[in-house]
Structure formats: structure tokens, C-alpha cells
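Notes follow once the structure below has been shown.
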There are 2 protein chains.
Amino acid sequence: MTDVKSGVNPLFLREDDLRQGIELLFFGYRDFTAEPDAMLAEIGLGRAHHRAIYFIGRNPGISVTDLLGILRITKQSLSRVLGDLMDQGFVDQRQGTRDRRRRLLELTEKGVELERRLSENQRQRMARAYRLAGAEAVEGFRRVMLGLIDDADRSRFPAPAAPPRVVRR
Amino acid sequence: MTDVKSGVNPLFLREDDLRQGIELLFFGYRDFTAEPDAMLAEIGLGRAHHRAIYFIGRNPGISVTDLLGILRITKQSLSRVLGDLMDQGFVDQRQGTRDRRRRLLELTEKGVELERRLSENQRQRMARAYRLAGAEAVEGFRRVMLGLIDDADRSRFPAPAAPPRVVRR
DNA sequence: ACTTTACGTCAGTCATGTTGACTCGAACCC
DNA sequence: GGGTTCGAGTCAACATGACTGACGTAAAGT
């Protein structure tokens, strides 16, 4: 598949459209994470801590194994991150009742506050993008991103009850 | 999970819609990079090398400074990466003619081949997502992603050539 | 002539990931 | 009851990709 630029692609998609998608993802992700990264650096934490805090906040009482499944890193890596977060009082563990082997993770009040500060930045950036693009575009964004995600994780995103709506100010 | 999301959001968008966007980006990026990362690991390179190769291929003759501007990393970091790529014969440098301080970067034939292999995977994933989502969704994806990107880099993405769909408001 | 720019390099540090091996206690199964 | 699997944690060693800071050199700009 050599680059016959304006030629017909068997997928009906032009090479440049695909490349543009790749680049949008690169630049989008880069800019999406830059500001929270800077905030985290100030308190000696990194992006990995943000991810852990985010998903614990999103799934209170999640087990270590389930969190590993989301993050797709090794338990040794996560262990270091969780250790930092627990030492600094952002995260608490409690033993599972039904299965006492499980350590269920929760944000402390301090953790909730940090999560809010970090994600607020990203929510605002996302909100700005949604507002600029319009409601219809948001649904398109959702559909394309879903297509990029492995089947295994697609189920984390149920179809919206009502289409994500942009509320006029 | 117990999502006790308190009622009113100071933003104009529902909290959950924004969170879903954040998560789509996280999972999408994670899955988008996983396979090329695995290929790179086999030849002792990493994601940083892929990024350099990609943008050199995309901008043949780009200067080191310009590449730094795209990647937003330090010259020391890029230097290591470029060194690896030049040692292994994926990238060539030539001196600028107008400005002889500049080192203009280009992929060798071997570099082009590697870039093709790596990005082919991502192009196919992107093509699949585009096909599943449909043409209209692709435009929406483009618009939302653009909104996530810092103003400074927005200009890298000119409006699509085909239907210059003017959206007001 | 002086300053700035483009690039490179040396040296040290940090964050985040990896493999592999091992322990411990709880749960599961025959 | 006993053996095995599972969830979690730990120790050790290592790779990668980022960072800061300092310094050097050559070319271009003023």
C-alpha cells in the first residue's frame, strides 16, 4: 500500500484522513495531560498517580486486581503508586467482607479533593471542546473513540440513555 | 458502582458526559499505542522512537528544533532518541543550505519501511474506527479533538478540503 | 564585535514501567 | 482435611524516557 496520495484506498479512506486522526490523537492526548501533570509534579506525584486516583474515585471500593485490569500495568508498578497515595493519605484500603483476600480501595476526603482539582482541569478542557464542537460532533467523537478501543473494554461504555447533550448557557 | 453524583454541575455539561470523554481518551490512547509499542520493543526501541520516526516521515527535512516543538520534550531526550535512530540507520541528517546550523532530518529507506510497519497498525485501527462510526461521526471526532488541542497547535489541522461545511454559532 | 540561535554533549536524577521469585493468608475444590 | 488457586504484597534488578543544569561550538543576526 504505497502512497498514491489522491488515489483510491481500498478502505474508502484516504491516507491523509487516517494520518490526521493519528495526529489529532497525539496532540490531543499530549495537551490533555500537560496541565494535570504540572500540578502533580508540584506535590511530587506523576500521571500514574492521577490515573489511580481517577479510577478509584470513579469506582469506589474497587479491588487491586480490577484496577490493574483497567490500567494494564504490573502489580509491582501499581503497588508503588498505591503506596505513595496511601502514605500521603489520599487513598484508604479496607478488607473485603465477602472475600477477605480483597483490598478494596477508596479515596479519603483529601483524595477526593485532589481528584477534583486534577480532573476539573480536564473536565473543563473537555467541556470547552464539547461546546465548541456541538452536540452532534460529541456523538461522533464518542463513536470513533469507541472504535479505537479494544473489544474487551468497549463494554465500559454503554450506549447513552439520551444522546450526550450540550446545554446552552 | 455507587455513583452518587450530586445534582447540579457548575458547568454546562453533565458531569458523566465529561467523564466519559476523559475515559474514552484514556482507553483509546492506551489501546492505540499498545501494538506498535510491542513491535518496537522487539527491536529495542520505544514509543519515543516511534513518535520521532512518525513526524520525521511526515515532515521530511524537519529541523531538530521544529521536531522538539512538536514533541515538547527536551533536546537531551530527543538527542538520545535520534542518536539511536541514526546509529541503526533509520534516520539521516544533512546540513541545511540556507542556514548551515540546521540539521535536517530524513528517514532512510529502512526508516520509511519501519515507519510504514508501525503506523500501518495504527492506520488500520483508525480506519476500522472510522468505518464503524461513519463519515459524519469522523467529522465530529475531528471537531472535538481539535477543541482539546492547544491553540498553538490547532493550525496544524487545516479545515477539510471536501465539503467546507460552515457551521455557525 | 557581540549576541543569539541551533545543535550537541556530559552528568545526574526521577517516574514509570518491566521480569522474576517469593511469601502469606483466604478461598475453592476434591 | 489437604492441596491448589487466587488476591495481594514484597524484594531485587533493570530499561526507558523524561527532567535539570552546565558547557561547547559553529553559524547567523545585529
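Keep in mind it's a predicted model, so treat the numbers as computed, not measured. Quick note on labels: first sequence line is chain A, next is B, and so on, each numbered from 1.
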Between the base of [N] and the side chain of [X], is one N or O donor paired with an acceptor at under 3.5 angstrom?
X        : N      : result
B:Arg80  : D:dA18 : yes
A:Gln76  : C:dG20 : yes
B:Lys75  : C:dG8  : yes
A:Arg101 : D:dC6  : yes

Can you figure out which of [options] approaches the side chain of [X] most closely?
X       : options                : result
B:Gln93 : D:dA28, C:dG8, D:dC19  : C:dG8
A:His49 : C:dT16, D:dT20, C:dT18 : C:dT16
B:Thr74 : C:dT19, C:dG8, D:dT20  : D:dT20

Next item on the list: Considering only NZ, NE, NH1 and NH2 on the basic side and carboxylate oxygens on the acidic side, decide whether B:Asp16 and B:Arg19 come within less than 4.0 Å.
Entry: no
Next item on the list: Assign B:Gln95 to base, sugar-phosphate, or nothing according to its heavy-atom contacts below 4.0 angstrom with the strands shown.
Entry: nothing
Notebook entry, point to check: Looking at B:Ser79, does any N or O in its side chain come under 4.0 Å of the phosphate oxygens OP1/OP2 on C:dG8?
Noted result: no
Check: Are B:Glu23 and A:Arg156 close enough, and set up right, to give a salt bridge (Lys or Arg N to Asp or Glu O under 4.0 Å), and what steps lead you there?
Finding: CA-CA 9 Å; B:Glu23 288 168 33; A:Arg156 293 183 193 280; over 6 Å; no
Check: Between B:Asp99 and B:Ile73, which has a closest nucleotide on DNA chain D that is more 5'?
Finding: B:Ile73
